[in-house]
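Read through the structure below, which is laid out as structure tokens, and then see the notes.
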Amino acid sequence: MATPGTRLEVDLAALAHNFQYLKSKIPADTLFMSVVKANAYGHGIVPIAKKLAQLGTDYFAVAYVEEAVELRDAGIQVPILVLHPQLHTLETCIERCLEPVIYSTMVLDEFIAFAKAKSQQSYPIHLEFNTGLNRIGMDPEELPEILNKVLNNPSIKIRGLQSHLSASDDLKERDFTLNQIETFKNICNRIEQQLGYTCIRHTDNTSGILNYDNAHYQMVRSGIGLYGYGNDAAHDKNLRPVAALKSVISQIRKIAGGDSVSYNRSFKAQQAMTYAVIALGHGDGINRIYGYGKASVLINGQWAPTLGIICMDMFMVDVTHIKCQVGDQVTIFDQQSTASDMAEKAGTISYELLTGIQRRVQRVYLNN
Ligand SMILES: *Cc1c(COP(=O)(O)O)cnc(C)c1O
């Protein structure tokens with residue numbers, strides 16, 4: 001039987017472990033929102049969401065409405081928060097029972113108009129406030145205007161109040177983060193006083209859950225932790241990486257000193273050597289930053305560094321000192337040599353490596 005080809009192995013038992021671990025870090029009555037945007041950080045949105053729904057997640061979060069529609073089409077009935085809905089998709093939010101994050105007064109106006117036109121009553125929305133990240137969000141100064149639009153408006157109801165921490169993973173920025181948390185609390189208090197009812201407050205992402213338990217509030221939003229990474233070695237050891245990326249050697253060739261390898265002669269051999277071609281490239285999500293030896297792959301227990309430029313569908317590695325043959329398995333990252341290790345060596349983060357793995361790479365689900 002031929003060895004399996006390039007694949008992303010997704011360990012659903014590891015996902016369950018991480019879910020239970022992160023839940024153990026928050027009070028029992030705090031809601032848990034699973035962030036499954038960007039194809040569940042590359043792990044495959046539908047199978048991952050189905051498993052998390054079965055495990056009992058209270059909420060899902062995606063970035064865009066199209067991602068939420070994929071979940072609804074797959075039969076997911078858990079509440080879904082859309083973190084960054086675009087104006088042209090607000091109507092779909094209502095049609096597919098999605099809860100939008102309202103991040104500007106313009107989006108608020110548009111959404112209220114749709115809710116009214118569709119005869120909605122108390123349609124649940126979440127308001128996002130900027131407390132220092134300076135990405136999307138409304139400013140505390142806009143509160144009177146926002147409240148004016150929201151109060152006595154029967155079409156909508158504020159279900160959630162959201163902010164996003166800028167540096168929850170960087171303890172050198174502790175003061176800044178504590179200030180964000182305090183600012184958020186003050187905004188929430190003011191709004192709830194005016195509304196006369198309480199909302200679901202949420203601001204902690206994975207690193208927030210692990211580093212700032214004073215900011216759990218009524219719900220936390222976790223993405224990367226579910227997939228096994230805690231942005232810190234101390235947290236990583238309690239989590240289990242869910243994905244392992246594997247490929248195969250498709251050809252082995254010998255070259256002489258002076259020969260070059262890959263586009264633009266990007267690697268030049270000093271002496272005779274042997275290289276192997278791996279069936280994976282930047283078209284699969286192995287970005288060009290991993291070329292020129294910035295990444296190594298495991299072949300029969302030994303490290304083989306990349307040679308020169310990563311091509312679209314393949315890259316070459318040095319196997320001069322490795323016993324191997326065509327068809328041998330190649331590990332790009334797994335539970336021991338992790339996506340986070342690989343990303344860091346090339347100057348990026350696990351998030352980018354994982355979310356970049358393209359749909360062309362077959363996902364194989366294990367241990368369901
Ligand atoms: C992506 C995202 C998250 C999840 O962050 P992790 O660090 O992966 O846990 C939470 N909240 C918002 C607003 C996000 O954009």
Side-chain angles (χ1 to χ4, degrees), residues 31 33-38 59-69 71 79-116 118 120 122-151 153 155-168 176-177 179-192 194-195 199-206 208 215 217-223 351:
L31 300 174
M33 174 181 277
S34 299
V35 182
V36 293
K37 62 191 180 186
Y59 256 93
F60 284 113
V62 293
Y64 297 107
V65 165
E66 292 80 354
E67 301 177 290
V69 167
L71 292 178
I80 304 175
L81 183 73
V82 182
L83 296 166
H84 194 198
Q86 304 298 290
L87 290 176
H88 71 282
T89 58
L90 293 180
E91 212 173 341
T92 313
C93 273
I94 297 176
E95 286 160 4
R96 304 307 298 264
C97 279
L98 311 171
E99 299 178 21
V101 170
I102 305 293
Y103 51 90
S104 69
T105 50
M106 184 202 257
V107 176
L108 181 59
D109 285 338
E110 292 279 319
F111 193 82
I112 287 173
F114 278 123
K116 213 172 151 200
K118 290 189 173 284
Q120 297 299 309
S122 305
Y123 194 94
I125 65 172
H126 299 241
L127 302 181
E128 170 149 28
F129 288 91
N130 176 54
T131 55
L133 173 60
N134 287 325
R135 200 168 68 174
I136 53 173
M138 298 183 280
D139 285 318
E141 291 71 48
E142 293 176 277
L143 260 185
E145 190 192 341
I146 296 162
L147 284 165
N148 194 31
K149 294 177 196 293
V150 164
L151 282 172
N153 190 322
S155 310
I156 53 158
K157 179 160 188 193
I158 312 301
R159 178 168 289 171
L161 299 172
Q162 165 173 337
S163 191
H164 196 38
L165 300 174
S166 164
S168 59
F176 186 90
T177 304
N179 189 274
Q180 274 196 280
I181 293 168
E182 185 65 22
T183 306
F184 179 59
K185 193 176 81 189
N186 291 335
I187 296 170
C188 292
N189 288 344
R190 275 173 69 190
I191 297 181
E192 288 181 355
Q194 300 270 335
L195 289 176
C199 309
I200 302 171
R201 301 178 183 191
H202 48 103
T203 191
D204 265 347
N205 63 343
T206 299
Y217 296 114
Q218 285 78 41
M219 182 160 72
V220 295
R221 309 186 300 264
S222 180
Y351 296 71

Can you measure from [atom1] ([X]) to [atom2] ([Y]) and round to the nearest 0.5 angstrom?
X    : Y    : atom1 : atom2 : answer
N186 : I181 : CG    : CD1   : 12.0 Å
C199 : L161 : SG    : CG    : 4.0 Å
R201 : N189 : CZ    : CG    : 4.5 Å
N153 : L147 : CG    : CG    : 12.0 Å
K37  : L83  : NZ    : CG    : 6.0 Å
E182 : T131 : CD    : OG1   : 11.5 Å

* **Test log, rule side chain to side chain contact (heavy atoms under 4.5 Å, CB included), inputs L108 and I125** => CA-CA 9 Å; L108 181 59; I125 65 172; 3.9 Å; yes
Smallest separation among heavy atoms of [X] and [Y], with atom names:
X    : Y    : result
M138 : T105 : SD-N, 3.9 Å
V82  : A68  : CG2-CB, 4.3 Å
F184 : S163 : CD1-CB, 3.5 Å
G223 : T206 : N-OG1, 3.4 Å

Can you find a pair of side-chain heavy atoms, one from [X] and one from [Y], that are under 4.5 Å apart?
X    : Y    : value
L143 : F129 : yes
N179 : T183 : yes
I102 : P100 : yes
L71  : E67  : no
D204 : Y217 : no

Spell out, as yes or no, whether a donor-acceptor pair under 3.5 Å connects the side chain of [X] to the backbone of [Y].
X    : Y    : value
Y103 : N130 : no
E91  : F114 : no
Q180 : S166 : yes
Q86  : H84  : yes
S104 : V107 : yes
S122 : K157 : no
E145 : E142 : no
Q120 : S155 : no

* Does NZ in K149 sit with more than 12 non-hydrogen atoms of other residues, nucleotides or ligands closer than 6.0 Å? -> yes
* Taking atom NZ of K116 as the centre, does the number of heavy atoms from other residues, nucleotides or ligands within less than 6.0 Å exceed 12? -> no
* Could you go through the side chain to side chain contact (heavy atoms under 4.5 Å, CB included) check for I94 and L90 one step at a time? => CA-CA 7 Å; I94 297 176; L90 293 180; over 6 Å; no
* Indicate the ring-plane relationship of H202 and H126, choosing parallel, tilted or perpendicular according to the 30° and 60° boundaries. => perpendicular
* Evaluate side chain to side chain contact (heavy atoms under 4.5 Å, CB included) for Y123 paired with K118, printing each intermediate quantity in order. => CA-CA 10 Å; Y123 194 94; K118 290 189 173 284; over 6 Å; no
